[in-house]
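Right, one structure below, let's go through it.
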Amino acid sequence: MTESHDIMMSDTVTSVVAAVECEEKLAPAFAGAVGELPLEDRVLLKLSILDGVPQKQLAAAYGIDPGNLTRRKQRAAAALLAKIRQIGVAAAAPTAVRECLELLLAGESRTLQLRLAGLLAGQIGQSSEQNGDDAT
Amino acid sequence: MNYEPTTDDAILRQVLYRANAAQEDHAAADEADELLDLFLAGRLTGEDREAFLRYLDTNPSARTAVAASMQSWEKEAPQTISIEASKRSAFPLRRFAGLALAASLLVATAVVVWRTGSERALLVRNRVNNLTELGYEFGGIAFRETTLPAENDRLEAALASLDQADQHDVNWRLNRGFILLKLSRPEDAQTAFQEALNDDPRNVDAWLGNGMASFIVSKFNDAERAFRTCLELEPGSIHARINLAMTLTELDRVDEALGEWRKVDRAGLRPDQQRAIEAEIERLEQHQQQ
């Protein structure tokens, strides 16, 4: 039984228990996705997003123009989001995975849910059709 | 894929948070501290840069500390970097060492053949500010008796390069003294610092190095005298005061040690260093009450 299949078995992901389960299932995939980023980009995102280091200081540390740093951050962020999307695409039960992702990454924020759904929708929808999967 | 800063950052924050590697690599901490200035100034390159980034990547607490340094740097809004970058360093005394040792680089050109190829790296690497950088805790307990093997090779190479230099001025002796200190050769270091003091009796760095060498060979009274001389010459020296407090602790003069710890200007230190000092004060206060 695959991890994704395990996720499918919990057909609703609205409870705290489900959130914990989702985290257990997806944390390795997140770590893998983050780990695939180039080291420089990974640390850049962490310093910028997790630690809130201002763009100007990051640009100085990276020895580049602030404008270039912004573009670099955008590229790194896009790459990471694409990898997250791949997690959904690769799942045996994409809908359940999408719900898991929304629960973990967007929580109750409607804006984030919509954005995440938007990021995931195309590929996951396509994958669902191919697999005849319509979990939940 | 279009990037939407606000919403995507919120999503990415969750991904990064949940993917965060929690394993701390304390062995690299000393090296990382030395490389911090270079990184902040955008001058850390090559293998050192990769090693430093890897250290930040796998040590969330270290990364947070570096981030705090970067944020405080913004508040001070420095207009220049290079040697001036030390103004927002965790150890402000470095700027004095920087100026002094920068001169030595110009004199001892041979020394500049260095793994990173960076002059600033040489300055930052050789400098020793206080006893904690030599493997001592604030309470005086040695947590590391010798340098790390990789560091040892580098230091030996640096020493060999220094010994090839033709001119032996104060800065050359200081540079040599600090390297010898790091190589756990305190007697030789003491000789180097004493020679520097013969040339320049009011050299704060030489007194600082002399005091640390004395401390390591358990000549605590000599160490105290050296650190007090440092403070006479430079009353604001954070490191001289920290070293003095550690020395007084070794001499079991807890009241005086506490007094010195309380005088340490903690505003310029990193949060983790501030916490360490607070913890030491608390430890000594408890010791005092017993």
Side-chain angles (χ1 to χ4, degrees), chain A residues 22-23 26-35 37-54 56-64 70-71 73-85 87 101-102 104-107 109 111-116 118-119, chain B residues 1-23 35-45 49-82 85 88:
Chain A
C22 279
E23 177 141 20
L26 291 179
F30 289 161
V34 173
L37 289 176
L39 178 64
E40 293 258 353
D41 288 349
R42 194 160 65 238
V43 175
L44 169 64
L45 286 184
K46 287 182 179 180
L47 286 170
S48 172
I49 293 174
L50 285 182
D51 302 309
V53 174
K56 188 176 154 190
Q57 275 60 51
L58 271 177
Y62 273 70
I64 57 178
T70 302
R71 283 186 283 282
K73 182 186 163 187
Q74 287 173 344
R75 281 198 299 272
L80 185 53
L81 289 169
K83 289 177 193 304
I84 296 304
R85 194 169 51 188
I87 293 171
L101 288 170
E102 285 185 4
L104 285 183
L105 304 183
S109 166
T111 307
L112 289 182
Q113 280 180 3
L114 288 172
R115 173 62 179 152
L116 196 57
L119 289 170
Chain B
M1 179 184 292
N2 292 326
Y3 170 70
E4 295 184 4
T6 309
T7 49
D8 286 355
D9 279 3
I11 294 169
L12 291 169
R13 184 177 297 112
Q14 292 297 325
V15 176
L16 292 165
Y17 172 72
R18 293 172 197 284
N20 225 350
Q23 291 189 341
L35 299 178
L36 174 60
D37 276 356
L38 284 171
F39 176 70
L40 295 181
R43 294 186 170 197
L44 191 57
T45 58
R49 181 179 178 83
E50 187 176 339
F52 187 80
L53 288 174
R54 206 167 291 288
Y55 172 68
L56 294 185
D57 189 35
T58 54
N59 292 271
S61 58
R63 202 193 64 242
T64 304
V66 167
S69 292
M70 296 174 87
Q71 284 163 340
S72 64
W73 187 16
E74 181 191 41
K75 288 172 190 165
E76 292 179 21
Q79 297 302 308
T80 57
I81 49 178
S82 174
R88 44 85 194 121

### Message
If I measure from the heavy atoms of chain B, does A:Leu112 come under 4.5 Å with its side chain, its backbone, both, or neither?
### Response
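Both backbone and side chain of A:Leu112 come within 4.5 Å of chain B.
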#### Entry: chain B contact via A:Leu58 - side chain, backbone, both or neither, heavy atoms under 4.5 Å
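For A:Leu58, backbone and side chain are both near chain B.
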Could you tell me whether the side chain of [X] and the main chain of [Y] form a donor-acceptor pair under 3.5 Å?
X: A:Arg115; Y: B:Thr7; result: no
X: A:Lys46; Y: A:Asp51; result: no
X: A:Arg42; Y: B:Asp57; result: no

#### Entry: When A:Glu40, A:Arg75, A:Lys73 are compared by non-hydrogen pairs under 4.5 Å with chain B, the top option
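Highest number of pairs under 4.5 Å: A:Glu40.
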### Euclidean distance, A:Tyr62 OH relative to B:Leu53 CG, rounded to 0.5 Å
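If I round to the nearest 0.5 Å, the distance is 5.0 Å.
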